[in-house]
Protein chains: 2
Amino acid sequence: MVTIKDVAKVANVSISTVSRVLNKSGYTSTGTKEKVMKAVEELNFEKNMVATAMIKKKTSTLGLIIPDIKNIFYGELTRAIEDKANQYGFNVILCNTDNDLDKEADYLNFLLRKGVDGIIFSTPEMNDRNIREIMKKRPDLPFIIIGSKVEGVQLDEILVDNLEGGYQATEHLLELGHRKIGFIGGQLDSYATSERYKGYEKAFNDYGLTPNESYVRLDEFKIHSGYNIGKDLLSLSERPTAIFAANDAIAVGVYKAARELDINIPDELSVIGFDDSQYADIVYPPLTTIRTPIIEMGEKTVDLAIQISRKGKNFKETVTYQPSLIERDSTGRVKENKDYPK
Amino acid sequence: MVTIKDVAKVANVSISTVSRVLNKSGYTSTGTKEKVMKAVEELNFEKNMVATAMIKKKTSTLGLIIPDIKNIFYGELTRAIEDKANQYGFNVILCNTDNDLDKEADYLNFLLRKGVDGIIFSTPEMNDRNIREIMKKRPDLPFIIIGSKVEGVQLDEILVDNLEGGYQATEHLLELGHRKIGFIGGQLDSYATSERYKGYEKAFNDYGLTPNESYVRLDEFKIHSGYNIGKDLLSLSERPTAIFAANDAIAVGVYKAARELDINIPDELSVIGFDDSQYADIVYPPLTTIRTPIIEMGEKTVDLAIQISRKGKNFKETVTYQPSLIERDSTGRVKENKDYPK
DNA sequence: TTGAAAGCGCTAACAG
DNA sequence: CTGTTAGCGCTTTCAA
């Protein structure tokens, strides 16, 4: 391994001089600068970041904690985060927890021991004890959460206005004449679900209506949840004419269920999703959905993490992005269904 | 920050003793062991891995270089790799290159300077100059490539038998009576494409046939490629009755094209993909495809990387996995099409 | 069985 | 403008 020492020897200067020119810190004459750079070239020297990390207590590394990278939403988010981090000269360590708090705790510990400069969470549970603990342990480090909130802690949050999104989705359906609108979400301890549900409720209320409780079902943000619940809902004697799926994966499951039951989308059933992930444009008919500005959010998260790491800013920020309705072909005007009473 | 020094003070022993009990190396009396552990607990001490890395030249970190984590195939692969690495107590740094060799070179340099214990590549190009260079530079480090080969270097390779997979796909179509079979792939400098194409050709030959050149098109392993080429192929006056898409993403694009042209799958067009990714079960009709054992391959990759890193094994291994045909509903017996002459 | 001391590769005062 | 020196937190001889 070529070290700064070797460079010093070849350039015939001291190691501190080498360090100075390498870091452009302090004064160095043009002459020595050149000598050093020549030696660097000659030896193909590259600074060992582990050594620097030891002194500076900075590793140029961010930890990213998500439930599962196979989930397309996190794939998109992760890509945005990694790209931005890379622009700053940072790397990201990927951690998949499957929402397992013990696994998360292990990762957290590991990341800390490795000296990461900040940790980005995108975990849905609002009562994540790990985050509380870690923040107490390392109040100096940036901890940013994206897409959710954690109860009982002040931390930097990057959010989408879920309530507004839920409202937009429901309103869209309502305007198309639907009244029997199903809601399929994750669990209520997930911030996204609870807010999106609130939006759903609010839209009904603003229309002078109340949602039918039996149309509201909670499970997971996954395809199979949409499929199972979709089958349930669509087998009801008085089935919904529209379904608001709290994310696109659930909507994909609903598509599957509808297909099995031979229910046409959008003629007999309108479906709206949430996120505007890749799924939305793959399924047929293309999915009407609520767009979450994932890329902007991911980038902002990294900006914040790195700013805090560098300047040690200390105030906890909440940045909220606005969602928007993306109309595709999975929603349509409600139609009288002759097969069963309305 | 609590250091080994603090522990030593509290336990009233020397730091080397603390180090010994922490690492279970050398002799320590039960008494001191206890004292030390008590102090560790009391102080909530956690060993700084950066310091250890400096001495041991091991970071328990692997670099993973892929084109794009948004691509579902890489999502699945990455998850398998990260899980396995985590089992070993390793982390993975994710790098997205978009197949940009300069970007890849930058990442590589960065990873080396950070002292990763090995690098896993899943980049399609066979003439990746970076890999050659880096291997010359650090012959001690494990470099494993998964899913592809690189010309002019001996490195550990984890592969799926692409030729066999291509053969199976084509044979399946041939057996269903198809003769006008399109092939849509990535570029020929991608190992996967070239081998899968060879399999396609071989199957034809084994049936005493030759593929129609005008049905063979190459672009990228992406949805839009499948879509564009699909539209082309399906607009031919004598269009293919079946298409072998060299990966599932391309198949998804073909679905889209077929839908726009109002061509029914599988009645008027059979489609077969490759990978058996999530896409296969999301689209309608569910996609017949060739399964690549991604999880096993990812795990094997990590096994190898860590084994080599630990024991410094030096022989370059090539592990080949067998693909298998997964029949779903996108392929069917060829039908006479009355709309145009056969 | 334990402690002292050297050192991993680099940075950062502090002198000069 | 440059060199000497003292670490960063830990591991590892080498003595005791």
Side-chain angles (χ1 to χ4, degrees), chain A residues 1-40 43-61 109-110 112-117 138 140 310, chain B residues 1-40 43-61 109-110 112-117 138 140 310:
Chain A
M1 179 185 252
V2 184
T3 77
I4 203 182
K5 238 174 175 168
D6 303 314
V7 177
K9 208 174 295 166
V10 170
N12 211 4
V13 295
S14 73
I15 58 163
S16 41
T17 299
V18 176
S19 177
R20 266 184 224 109
V21 351
L22 252 30
N23 299 306
K24 303 186 204 316
S25 67
Y27 301 94
T28 36
S29 73
T30 331
T32 41
K33 234 176 248 163
E34 274 169 8
K35 271 196 303 185
V36 170
M37 292 318 291
K38 222 186 72 199
V40 165
L43 297 172
N44 241 302
F45 168 80
E46 294 198 318
K47 203 161 65 177
N48 180 329
M49 296 183 79
V50 176
T52 310
M54 176 121 150
I55 304 172
K56 296 245 190 141
K57 269 120 192 62
K58 296 277 177 195
T59 52
S60 301
T61 309
N109 244 302
F110 208 36
L112 253 39
R113 300 214 293 133
K114 284 203 175 174
V116 295
D117 297 339
R138 295 293 307 274
D140 54 309
R310 291 219 241 259
Chain B
M1 180 184 250
V2 185
T3 75
I4 205 182
K5 238 175 177 166
D6 304 312
V7 176
K9 207 174 295 163
V10 170
N12 210 4
V13 294
S14 74
I15 59 164
S16 38
T17 299
V18 176
S19 177
R20 266 184 224 109
V21 352
L22 252 31
N23 299 307
K24 306 186 203 317
S25 67
Y27 301 95
T28 35
S29 72
T30 331
T32 40
K33 235 176 247 164
E34 274 169 9
K35 274 196 302 187
V36 171
M37 292 318 290
K38 224 186 72 200
V40 165
L43 296 172
N44 240 302
F45 167 80
E46 295 198 316
K47 202 161 67 176
N48 181 327
M49 296 183 78
V50 177
T52 308
M54 177 119 149
I55 303 172
K56 297 245 190 138
K57 269 121 192 61
K58 295 279 176 193
T59 52
S60 301
T61 308
N109 245 302
F110 208 37
L112 254 37
R113 300 215 293 133
K114 284 204 175 174
V116 296
D117 297 339
R138 294 294 306 275
D140 55 310
R310 290 219 242 260

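Below, chain A is the first sequence line, B the second, and so on; all start at residue 1.
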Show your reasoning for whether side-chain hydrogen bond (donor to acceptor under 3.5 Å, both in side chains) applies to A:Ser16 and A:Ser19.
CA-CA 5 Å; A:Ser16 41; A:Ser19 177; over 6 Å; no
Figure out the [atom1]/[atom2] separation between [X] and [N], and round it to whole Å.
X       : N      : atom1 : atom2 : result
B:Lys35 : C:dT2  : NZ    : C1'   : 10 Å
B:Arg20 : C:dA5  : CZ    : C1'   : 13 Å
B:Ile4  : D:dG9  : CD1   : C1'   : 7 Å
A:Met54 : D:dC10 : CE    : P     : 8 Å
A:Met49 : C:dT11 : CE    : P     : 11 Å
A:Lys57 : C:dA12 : NZ    : P     : 12 Å
A:Ile15 : C:dA13 : CD1   : C1'   : 13 Å

Is B:Lys114 positioned over the aromatic face of B:Phe110, cation under 6.0 angstrom from the ring centre and no more than 45 degrees off axis?
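Cation-pi check for B:Lys114 and B:Phe110: passes.
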Within the structure shown, what part of the strands sits under 4.0 Å from [X] by heavy-atom distance: base, sugar-phosphate, or nothing?
X       : result
B:Ser19 : base
A:Thr52 : sugar-phosphate
B:Ser16 : base
B:Leu22 : nothing
B:Val50 : nothing
B:Val13 : sugar-phosphate
B:Ser25 : nothing

Mind checking the OG1-NZ spacing from A:Thr17 to A:Lys33? Nearest 0.5 Å is all I need.
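The distance works out to 12.0 Å.
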Can a donor-acceptor pair under 3.5 Å be found between the side-chain atoms of B:Thr17 and the base atoms of C:dG3?
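No pair found.
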